[in-house]
Amino acid sequence: MKILVPVKRVIDYSVRVRVKADFTDVEMANVKMSMNPFDEIAVEAAVRLKEQGIAQEVIIASIGNRECQETIRFGLALGADRGILLETEQAFQPLNIAKILKQVVLEEQPQLVILGKQAIDDDSNQTGQMLAALLDWPQATFASKIAVKTEQQKIEVVREVDGGLETLLLKLPAVVTTDLRLNKPRYITLPNIMQAKRKPLIIKPLVSMSLNLSSTISQLKVEPPNERKSGIMLNSVAELVDKLKHEAKVI
Amino acid sequence: MAVLVIAEHDSVSLKLSSLTTIAAASQLGSEIIVLVAGYQCQGAAEQAAKIAGVSKVLITDAINYQHQLAETLAPLVQQLAVNYTHILAPATSYGKNFMPRVAALLDVEQVSDICAIVNEQTFKRPIYAGNAIATIQCLAPIKVITVRTTGFALAKASEQTAPIEALTIKEAEPAVEFIEFATHPTVRPELTAARIVVAGGRGLQSAENFKLLEQLADKLGAALGATRAAVDAGFAPNDYQVGQTGKIVAPELYIAVGISGAIQHIAGMKDSKVVVAINKDPDAPIFKVADYGLVGDLFKLIPELERILGEIL
């Protein structure tokens with residue numbers, strides 16, 4: 001089985017994101033970038049399936065500028081076999097990303113696509129579902145456990161949903177999106193990084209795919225959120241109960 | 001303008017997320033149609049018909065929709081879509097799962113998780129875990145939108161009853177099979193709908209200790225929540241998680257116990273009306289967003305709080 005893992009390069013999760021002074025976007029200059037953490041979980045899940053002998057090849061794909069090579073190399077260091085960068089300077093909404101990924105799927109013919117449930121920049125939570133729709137494949141979002149049933153050509157997925165855990169059995173090929181508790185990605189070592197440098201990474205200009213990628217969405221403004229004012233420090237539980245009852249009137 | 005709302009329900013009744021989504025819809029159009037797709041879901045449809053602003057309820061009552069799979073819901077919504085300017089569903093795990101599938105089938109872009117409506121094509125939504133609010137314009141012919149449930153009030157019941165129309169839909173066999181739904185049994189209110197939430201973090205130290213909060217929650221009639229750290233450590237089930245990647249809550253009272261206040265957690269609770277923080281570290285960032293802060297050992301403070309509440313409640 002071949003697994004495709006699409007990954008996104010985003011502002012590192014540990015960076016305190018700031019809105020630009022002109023309110024056009026968030027500050028991106030000189031900010032540390034990393035692989036979207038949910039995608040990292042997806043790479044780890046795919047690599048584990050390879051280590052179990054269930055998958056034969058894990059392919060990483062990313063859409064973005066040349067710097068995304070670094071993000072792909074990170075995935076290769078985690079254990080993926082090869083990478084594809086669809087190079088563009090343009091940023092796309094999830095529907096267009098899904099259209100591009102559909103082309104990659106048609107070319108590569110994976111039986112499974114695993115990707116993060118959302119990217120921590122725009123928090124859209126759309127791409128996996130859209131890709132599944134465009135391919136007419138079944139989907140399992142928010143996965144916290146996966147088990148491939150090789151003989152039946154199916155995959156069982158436990159999903160984290162409101163109120164509990166839902167288990168679905170999907171016919172392959174399928175799309176799975178990862179939630180936080182699917183796994184804990186491994187730490188990569190220097191030898192992993194050296195090895196990853198020798199793995200194949202193909203760079204294709206996105207325009208060579210000749211897709212119509214027009215968009216109807218524009219970002220008019222980006223503002224900081226309303227900040228909560230910090231309140232007062234109290235000295236005792238009795239004082240707290242008194243405040244809640246007589247000042248805030250919430251109990 | 002006619003707006004289609006896809007209701008989240010448990011067959012018997014609507015989830016509160018549906019009521020906030022209907023409230024959002026009422027800011028967009030004069031005509032609100034609610035779709036109740038499920039199995040033996042007449043009860044939910046009847047409730048939907050009695051909500052202010054709803055002009056018609058469409059019901060699809062078939063075994064195929066019992067588990068509300070994206071693979072069956074999305075083509076159903078796609079067939080109805082042409083009559084509407086907007087299609088709305090709650091940005092809960094239910095709506096997040098199938099709505100992008102609807103949008104892709106319609107070949108339109110989706111606007112996720114809106115927290116405010118500026119006009120019929122302009123919306124506000126949080127990005128970067130709530131560290132920024134983006135104003136987005138969407139010119140798609142049909143606007144597919146998921147609604148952040150804390151961004152809008154609950155739609156109210158109406159004295160009038162809207163008509164309920166049964167749909168007959170050609171059913172296809174999905175390539176996915178439902179196996180089971182393991183619920184976390186609870187007698188407490190639903191986390192996203194509770195008036196009071198008691199939430200615990202890593203400071204609780206163990207699943208055993210987390211039970212301390214259960215007693216406090218029960219005394220207050222509160223729902224229980226947890227941070228990602230507490231869930232990851234196995235102190236609490238996954239659907240307790242409050243934060244940008246978990247549940248977004250805005251109760252009247254949020255009591256944060258042993259929670260340091262990571263950005264992604266605060267993103268999930270900062271719209272709460274009153275926030276109480278109890279933590280042993282006086283420098284914990286949670287105190288910056290709390291109305292009332294108490295520094296000390298939670299293992300002493302929580303039993304004491306429970307005792308004093310027991311005397312007055």
Side-chain angles (χ1 to χ4, degrees), chain A residues 11 16-17 19 26 93-95 98 118 120-126 129-130 132-134 137-139 141-142 144 156 160-171 180-181 215-225 228 230-234 237-238 240-241 243-245 248 250-251, chain B residues 70-71 74 92-94 96-97 100-101 103-105 109-110 112-113 126-140 174-184 220 228 232 238-239 244-245 252-253 270 274 276 287-295 301 304-305 308-309 312:
Chain A
I11 294 181
R16 173 96 210 192
V17 173
V19 171
V26 301
Q93 289 287 319
L95 180 63
Q118 69 191 69
I120 62 165
D121 50 5
D122 62 16
D123 290 321
S124 286
N125 197 329
Q126 299 176 9
Q129 297 91 314
M130 288 180 159
L134 297 178
W137 287 8
Q139 69 180 53
T141 50
F142 326 141
S144 65
E156 190 174 281
E160 292 195 353
V161 297
D162 293 342
L165 297 169
E166 183 185 69
T167 308
L168 298 177
L169 186 64
L170 280 66
K171 277 189 198 143
L180 291 170
R181 277 160 290 277
S215 178
T216 56
I217 286 185
S218 42
Q219 184 167 282
L220 303 181
K221 193 175 173 188
V222 174
E223 301 160 276
R228 280 190 79 91
S230 54
I232 50 169
M233 299 305 280
L234 307 173
V237 172
L240 171 64
V241 173
K243 291 280 187 198
L244 291 178
K245 198 167 167 62
V250 284
I251 57 170
Chain B
E71 291 79 353
T92 55
S93 63
Y94 168 76
K96 286 174 180 175
N97 182 49
R101 202 164 171 119
L105 291 178
E109 291 174 307
Q110 174 180 310
S112 292
D113 211 15
I127 54 174
Y128 291 94
N131 282 305
I133 306 293
T135 303
I136 300 291
Q137 185 186 55
C138 175
L139 300 174
V176 54
E177 191 184 325
F178 173 85
I179 305 290
E180 64 166 359
F181 183 58
T183 54
H184 304 135
L220 288 163
R228 177 185 165 185
D232 283 353
N238 62 277
D239 70 332
Q244 179 68 6
T245 57
E252 283 184 39
L253 173 60
K270 67 182 172 63
V274 175
V276 171
F287 288 121
K288 293 210 171 66
V289 298
D291 299 279
Y292 303 112
L294 206 50
V295 177
L301 296 174
E304 192 186 343
L305 177 57
I308 298 179
L309 287 172
I312 63 155

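Values below: all heavy atoms of this structure, side chains included; hydrogens, waters and symmetry mates excluded. Residue numbers start from 1 in every chain, and the chains themselves are labelled A, B, ... in the order their sequence lines are given, proteins ahead of strands.
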With A:Ile11, which of A:Val17, A:Ile120, A:Asp121 fulfils side chain to side chain contact (heavy atoms under 4.5 Å, CB included)?
->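 In the set A:Val17, A:Ile120, A:Asp121, the residue that makes a side chain to side chain contact (heavy atoms under 4.5 Å, CB included) with A:Ile11 is A:Val17.
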
When heavy-atom pairs shorter than 4.5 Å are enumerated against chain A, which of B:Val276, B:Val295, B:Leu309 gives the highest number?
->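 That would be B:Val276.
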
Examine whether an atom of [X] lies under 4.5 Å from a heavy atom of chain B, and if so say whether it belongs to the side chain, the backbone or both; otherwise answer neither.
X        : result
A:Leu180 : side chain
A:Val161 : both
A:Val250 : both
A:Val19  : side chain
A:Ala132 : both
A:Leu169 : both

Side chain, backbone, both or neither of [X] within contact of chain A (heavy atoms, under 4.5 Å):
X        : value
B:Glu304 : both
B:Ile308 : side chain
B:Ala74  : neither

For the side chain of B:Asp239 and the backbone of A:Gly163, is there at least one donor-acceptor N/O pair under 3.5 Å apart?
->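 At least one qualifying donor-acceptor pair exists.
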
Identify, with sequence neighbours excluded, every residue that meets side chain to side chain donor-acceptor pair (under 3.5 Å) alongside B:Asp113.
->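 Applying side chain to side chain donor-acceptor pair (under 3.5 Å) to B:Asp113 gives B:Arg148.
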
Quick one: side chain to side chain donor-acceptor pair (under 3.5 Å) partners of A:Ser230, sequence neighbours excluded?
->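 With sequence neighbours excluded, A:Ser230 shows a side chain to side chain donor-acceptor pair (under 3.5 Å) to no residue whatsoever.
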
Minimum heavy-atom separation for [X] to [Y], with atom names?
X        : Y        : answer
B:Pro100 : A:Gln129 : CB-CB, 3.6 Å
B:Ile133 : A:Pro225 : CG1-CA, 3.9 Å
B:Ile127 : A:Asp122 : CG2-O, 3.9 Å

Specify which of [options] makes the most heavy-atom pairs with chain B at under 4.5 Å.
options                                : result
A:Gly231, A:Ser218, A:Ala238           : A:Ser218
A:Thr141, A:Leu244, A:Leu234, A:Leu170 : A:Leu234
A:Pro224, A:Ser144, A:Ser124           : A:Ser124
A:Gln139, A:Gln118, A:Gln219           : A:Gln139
A:Gln93, A:Arg181, A:Glu156            : A:Arg181
A:Val26, A:Leu134, A:Leu165            : A:Leu165

How many angstroms lie between atom CG of B:Leu139 and atom CD of B:Glu109, to the nearest 0.5 angstrom?
->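 These two atoms lie 10.0 Å from each other.
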
